[in-house]
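Sequence lines set the chain letters: A, B, ... in the order given, protein chains first and strands last, and positions in each chain run from 1. Quick caveat, the model's predicted, so the values are computed rather than measured.
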Amino acid sequence: MSTRVRVRFAPSPTGGLHLGGVRTVLYNYLFAKTHGGDFLVRIEDTDQNRYVPGAEEYIFNTLKWCGLEPDESVQHGGAYGPYRQSERKESYRQYAEQLVKDGYAYYAFDTPEELEKMRQEFRTEQNPSPQYDHSIRIKMRNSLTLSTNDTKRLLDEGVKHVIRIKIPENETVSFTDMIRGEVSFDTSTVDDKVLLKADGMPTYHLAVVVDDYLMKISHAFRGEEWLPSAPVHILLWKYLFRLDNMPQWAHFPLILGPNGKLSKRDGAKYGFPVFAMNWTDPKTGELTEGFKEKGFLPDAFINLLALLGWNDGTEQEIFTKEELVEKFSMERVHSAGAKFDYEKAKWFNHEWIKKLEVSSLRFEVGELLKKSGFIVSNEDYLNKVIQLVKDRCTLLTDFVQQSSFFFKAPEVLDIDAVKPKWNEAKQLFFAELIRNYELSASWDAHTLENNFKEIAAVNDLKPGELMLPFRIMLVGGKFGPGVFDIAELLGKDETIRRIQKALTIF
RNA sequence: GGCCCGUUCGUCUAAGGGCUAGGACACCACCCUUUCACGGUGGUGAUACGGGUUCGAAUCCCGUACGGGCUACCA
């Protein structure tokens with residue numbers, strides 16, 4: 001018996017990957033790494049109607065950005081391929097047929113119209129959505145109600161049909177969920193799910209069981225929305241591969257938005273990203289913003305996701321990926337859903353920006369500045385700028401606003417902040433400051449500040465009244481690091497140039 | 001409607017029978033700061049409700065309420 005830990009993330013390529021999806025990846029990844037096992041990605045593209053070009057590539061790009069690279073996948077290779085279900089199509093039919101042969105499944109010839117008619121017919125106040133279950137199947141067109149000959153004839157004629165699981169009556173199916181403990185279902189309330197569709201493709205239910213078996217998955221983790229279909233999967237394991245080969249299950253709590261399961265719409269409505277990275281719908285051209293482009297660091301993104309439903313029992317909140325791998329345990333994953341709080345998410349990112357070295361930030365920030373039209377030629381200068389402003393940036397994109405004046409003189413000055421209190425004496429002070437600074441032998445923040453205050457004292461002016469105007473001259477607005485630090489970094493020529501220019505405006 | 005899961009400050013959570021229910025985000029106040037932030041100190045604020053079990057319950061059991069998920073030839 002193989003005891004190696006093997007887990008999988010099995011997305012269907014239908015669009016952007018959202019928070020919950022990435023967290024599922026994360027917990028899978030952490031569990032695999034914590035136990036020295038394998039993490040693989042299997043593309044569940046059995047629904048050809050929902051196929052979206054580019055979505056698969058997007059998923060892998062996202063995993064790469066997050067630093068959660070699979071050990072096996074379509075892109076990474078591996079010994080258990082193919083890793084795309086559409087390419088495994090042929091293998092599913094035989095399992096479905098085997099189930100029919102063993103009496104655990106049956107052919108159903110009902111057309112979509114007939115199914116719709118059935119739902120209309122049996123719909124009542126008490127039962128608004130009738131299911132194709134043990135009580136209904138005897139009234140439908142399938143190999144259970146048709147004679148053997150009729151069934152054979154229809155099959156031979158190539159009539160479109162599906163294969164449905166025949167759920168037993170009055171049985172209790174139970175299993176132990178690693179997060180929730182024992183969960184059980186009365187099979188009489190479970191419907192006869194379609195296993196193999198009319199186009200020959202399996203549904204999720206068949207595919208997940210067959211593939212988890214074939215790929216030797218030891219632990220199957222997924223979102224809580226799958227809990228209701230667990231009995232179908234358990235039964236399939238029992239009928240097909242024996243229960244003692246079945247992986248251990250865990251159903252993660254949902255990540256909730258302001259109203260229920262977090263959706264793409266929530267993001268648009270409440271102004272925060274839901275997808276990991278930008279996603280453009282190829283059909284509509286609609287762009288949905290991602291955490292990456294919003295200015296989140298991958299380390300912070302992983303960190304905040306990990307803590308949404310898990311903690312290590314201490315008061316630590318900032319974790320590196322390595323620490324998470326070291327400390328993660330499925331037993332400490334919460335069972336209740338967690339409402340996503342964007343403010344806290346930003347706090348995580350801020351903490352990470354403060355924590356990270358300038359060298360880790362430089363590339364991203366440099367790119368961002370260049371993209372915004374600033375000329376960044378001097379690496380050393382950029383490093384100093386980042387060091388000076390990083391503590392006041394919550395998002396990576398904040399660096400642009402917080403440091404723009406280091407690369408380009410402000411075009412508009414916040415004159416209103418200065419003008420009402422501006423007077424002749426201040427004008428003269430800055431004229432003298434220019435002369436002083438021009439002659440100054442050293443150009444460091446400390447000297448600059450001392451000289452500034454000396455001149456103010458000599459002229460009987462309060463430094464406080466002068467520093468704001470000085471800031472406006474250099475920065476353009478009421479923000480930024482210490483004004484003398486700015487002047488030091490800007491250099492003598494540029495500082496004086498900005499004072500001179502401002503004096504003509506004030 | 002049925003089935004399943006869940007319920008500790010506004011939000012994320014700690015406390016897995018025993019101290020004034022702890023921390024973080026957010027919010028408020030003060031300090032620091034001659035800008036804005038960072039930072040520091042303090043504050044507001046929770047065990048859904050009702051029954052049990054127990055010397056003792058946020059914790060175990062039952063019920064109710066509320067929330068969420070599922071109820072497709074989608075995943």
Side-chain angles (χ1 to χ4, degrees), chain A residues 10-14 44-47 49-50 108 110-112 115-116 119 123-133 160-164 177 179-180 183-186 188-191 193-205 207-208 222-231 251 253-254 256 259-261 304 307-318 331 334-348 350-351 354 389-394 398 402 414 417 453 456 462-468 470-472 475 477-483 486:
Chain A
S12 57
T14 53
E44 309 230 330
D45 57 346
T46 54
D47 185 357
N49 301 320
R50 294 212 310 163
D110 318 281
T111 64
L115 288 173
E116 184 48 37
R119 289 190 188 104
R123 179 173 322 177
T124 61
E125 192 96 328
Q126 295 303 303
N127 184 9
S129 48
Q131 307 202 84
Y132 201 118
D133 61 13
K160 288 270 185 196
H161 64 277
V162 302
I163 291 178
R164 284 179 182 272
D177 185 285
I179 295 169
R180 283 151 224 284
V183 181
S184 59
F185 300 83
D186 175 356
S188 299
T189 65
V190 179
D191 63 324
K193 290 274 181 248
V194 169
L195 262 21
L196 200 73
K197 298 185 266 191
D199 64 3
M201 277 290 193
T203 58
Y204 172 81
H205 307 293
V208 73
R222 73 234 290 205
E224 192 186 345
E225 69 269 28
W226 288 108
L227 206 41
S229 50
H251 292 86
L254 262 16
L256 278 5
N259 331 286
K261 193 159 82 161
L304 73 92
L307 273 282
L308 212 50
W310 172 88
N311 71 83
D312 75 340
T314 72
E315 278 166 10
Q316 183 176 351
E317 293 197 272
I318 302 301
E331 290 69 35
H334 256 250
S335 47
K339 201 172 283 181
F340 176 66
D341 179 3
Y342 187 49
E343 292 305 318
K344 182 101 186 204
K346 286 192 289 191
W347 174 80
F348 274 106
H350 192 184
E351 291 300 308
K354 286 191 289 179
V389 305
K390 78 196 211 32
D391 284 3
R392 52 223 310 143
C393 294
T394 297
D398 292 341
Q402 285 293 331
D414 184 359
K453 287 181 173 169
K462 284 185 191 146
E465 303 261 303
L466 299 162
M467 281 170 72
L468 183 63
F470 189 31
R471 168 174 298 279
I472 302 292
V475 175
K478 290 192 278 188
F479 64 94
V483 70
I486 296 172

Engineer: Need one value for A:Arg119: base, sugar-phosphate or nothing, where a base atom within 4.0 Å counts as base even if backbone is also close, heavy atoms only.
Structural biologist: sugar-phosphate

Engineer: Have a look at A:Leu115 and say if it touches a base, only the backbone sugar-phosphate, or nothing, with a 4.0 Å heavy-atom cut-off.
Structural biologist: base

Engineer: Give one of base, sugar-phosphate or nothing for A:Pro481, where a contact means two heavy atoms less than 4.0 Å apart.
Structural biologist: base

Engineer: Per the side-chain contact (heavy atoms from CB on, under 4.5 Å) rule, which among A:Ile318, A:Asp391, A:Thr394 passes with A:Lys354?
Structural biologist: A:Asp391

Engineer: Hey, does A:Thr46 reach any base, or is it just sugar-phosphate, or nothing, if we go heavy atoms under 4.0 Å?
Structural biologist: sugar-phosphate

Engineer: What I want to check is whether an N or O donor and acceptor connect the side chain of A:Lys344 with the base of B:A24 at under 3.5 Å.
Structural biologist: yes

Engineer: Mind calculating the distance between NZ (A:Lys193) and P (B:C74) to the nearest angstrom?
Structural biologist: 11 Å

Engineer: Partner of B:U34 by Watson-Crick or G-U wobble geometry, both contacts under 3.5 Å, or none?
Structural biologist: none

Engineer: Could you tell me whether a side-chain N or O of A:Lys197 sits under 3.5 Å from a main-chain N or O of A:Thr46, the two making a donor and an acceptor?
Structural biologist: yes

Engineer: Using a heavy-atom cut-off of 4.0 Å across all strands, would you classify A:Val183 as base, sugar-phosphate, or nothing?
Structural biologist: sugar-phosphate

Engineer: Looking at A:Pro13, is its backbone amide N or carbonyl O close enough to the side chain of A:Asp45 to form a donor-acceptor pair, meaning the two atoms are under 3.5 Å apart?
Structural biologist: no

Engineer: Could you tell me whether A:Gly480 contacts a base, only the sugar-phosphate backbone, or nothing, with contacts defined as non-hydrogen atoms closer than 4.0 Å?
Structural biologist: base

Engineer: Find the distance A:Leu196:CG to B:C73:P and express it as a whole number of Å.
Structural biologist: 13 Å

Engineer: So what does A:Thr314 hit on the nucleic acid, given a heavy-atom distance under 4.0 Å: a base, only sugar-phosphate, or nothing?
Structural biologist: nothing

Engineer: Tell me whether the side-chain N/O atoms of A:Asn311 come closer than 4.0 Å to OP1 or OP2 in B:A14.
Structural biologist: yes

Engineer: For B:A29, which nucleotide is its Watson-Crick or G-U wobble mate, given both distances must be under 3.5 Å?
Structural biologist: B:U41

Engineer: Should B:U47 form a Watson-Crick or G-U wobble pair with both distances under 3.5 Å, which nucleotide is its partner?
Structural biologist: none

Engineer: Between B:A29 and B:G22, how many Å separate the two C1' atoms, rounded to a whole number?
Structural biologist: 22 Å

Engineer: Where is the tightest heavy-atom contact between A:Trp347 and A:Glu317, given as atom of each residue plus distance?
Structural biologist: CH2-OE1, 3.8 Å

Engineer: Choosing from B:G10, B:U34, B:G6, which nucleotide comes nearest the side chain of A:Ser335?
Structural biologist: B:G6

Engineer: So that I can tick it off, tell me whether A:Lys339 and A:Asp341 are bridged by a salt bridge, with the cut-off set at under 4.0 angstrom between side-chain N and carboxylate O.
Structural biologist: no

Engineer: Answer yes or no: does a side-chain N or O of A:Arg164 lie under 4.0 Å from OP1 or OP2 of B:C73?
Structural biologist: yes

Engineer: Could you check how far NZ of A:Lys339 sits from P of B:U8, rounded to whole Å?
Structural biologist: 11 Å

Engineer: Across the strands shown, which category fits A:Arg180 at heavy-atom distances under 4.0 angstrom: base, sugar-phosphate, nothing?
Structural biologist: sugar-phosphate

Engineer: Between B:U13 atom C1' and A:Phe348 atom CZ, what is the distance in whole Å?
Structural biologist: 10 Å

Engineer: At under 4.0 Å between heavy atoms, what does A:Asp110 touch on the DNA or RNA strands: base, sugar-phosphate, or nothing?
Structural biologist: base

Engineer: Judged by atom type as modelled, is there a donor-acceptor pair below 3.5 Å linking the side chain of A:Arg471 to the main-chain atoms of A:Phe479?
Structural biologist: yes

Engineer: Regarding A:Phe185, tell me which of base, sugar-phosphate or nothing describes its non-hydrogen contacts under 4.0 Å with the strands shown.
Structural biologist: sugar-phosphate

Engineer: Give one of base, sugar-phosphate or nothing for A:Gly477, where a contact means two heavy atoms less than 4.0 Å apart.
Structural biologist: nothing

Engineer: Kindly give the heavy-atom pair with the smallest separation between A:Met467 and A:Val483, and that separation in Å.
Structural biologist: CE-CG1, 4.1 Å

Engineer: Taking atom C1' in both B:C9 and B:C32, compute the distance separating them and give it to the nearest angstrom.
Structural biologist: 29 Å

Engineer: Based on the glycosidic angle (syn within 90° of 0, else anti), state the conformation of B:C62.
Structural biologist: anti

Engineer: Hey, is the side chain of A:Lys478 poking within less than 4.0 Å of OP1 or OP2 on B:A37, counting only N and O atoms?
Structural biologist: no

Engineer: Is the shortest side-chain N/O distance from A:Lys197 to OP1 or OP2 of B:C74 below 4.0 Å?
Structural biologist: yes

Engineer: Round to the nearest Å and state the distance from A:Phe470 atom CZ to B:U34 atom C1'.
Structural biologist: 14 Å

Engineer: With sugar-phosphate meaning primed atoms plus P, OP1 and OP2, does A:Val162 contact a base, only sugar-phosphate, or nothing at under 4.0 Å between heavy atoms?
Structural biologist: base

Engineer: Figure out the CD/P separation between A:Glu315 and B:A15, and round it to whole Å.
Structural biologist: 11 Å

Engineer: Under 4.0 Å between a side-chain N or O of A:Arg471 and OP1 or OP2 of B:A37?
Structural biologist: no

Engineer: Report the distance from atom CH2 of A:Trp226 to atom P of B:A72, rounded to the nearest whole Å.
Structural biologist: 13 Å

Engineer: Mind listing the closest non-hydrogen atom pair of A:Gln402 and A:Val389 along with its distance?
Structural biologist: O-CG1, 3.7 Å

Engineer: Base, sugar-phosphate or nothing for A:Ala336? Non-hydrogen atoms, less than 4.0 Å.
Structural biologist: sugar-phosphate

Engineer: Does a side-chain N or O of A:His350 approach OP1 or OP2 of B:A37 to a distance below 4.0 Å, or not?
Structural biologist: no

Engineer: Could you tell me whether the phosphate oxygens of B:C5, OP1 or OP2, come under 4.0 Å of any side-chain nitrogen or oxygen in A:Lys261?
Structural biologist: no

Engineer: Would you classify A:Ser129 as touching base, sugar-phosphate or nothing, given that sugar-phosphate means primed atoms plus P, OP1 and OP2, and contacts are heavy atoms under 4.0 Å?
Structural biologist: base

Engineer: Would you mind reading off the distance between A:His251 atom NE2 and B:C5 atom P, rounded to a whole angstrom?
Structural biologist: 11 Å

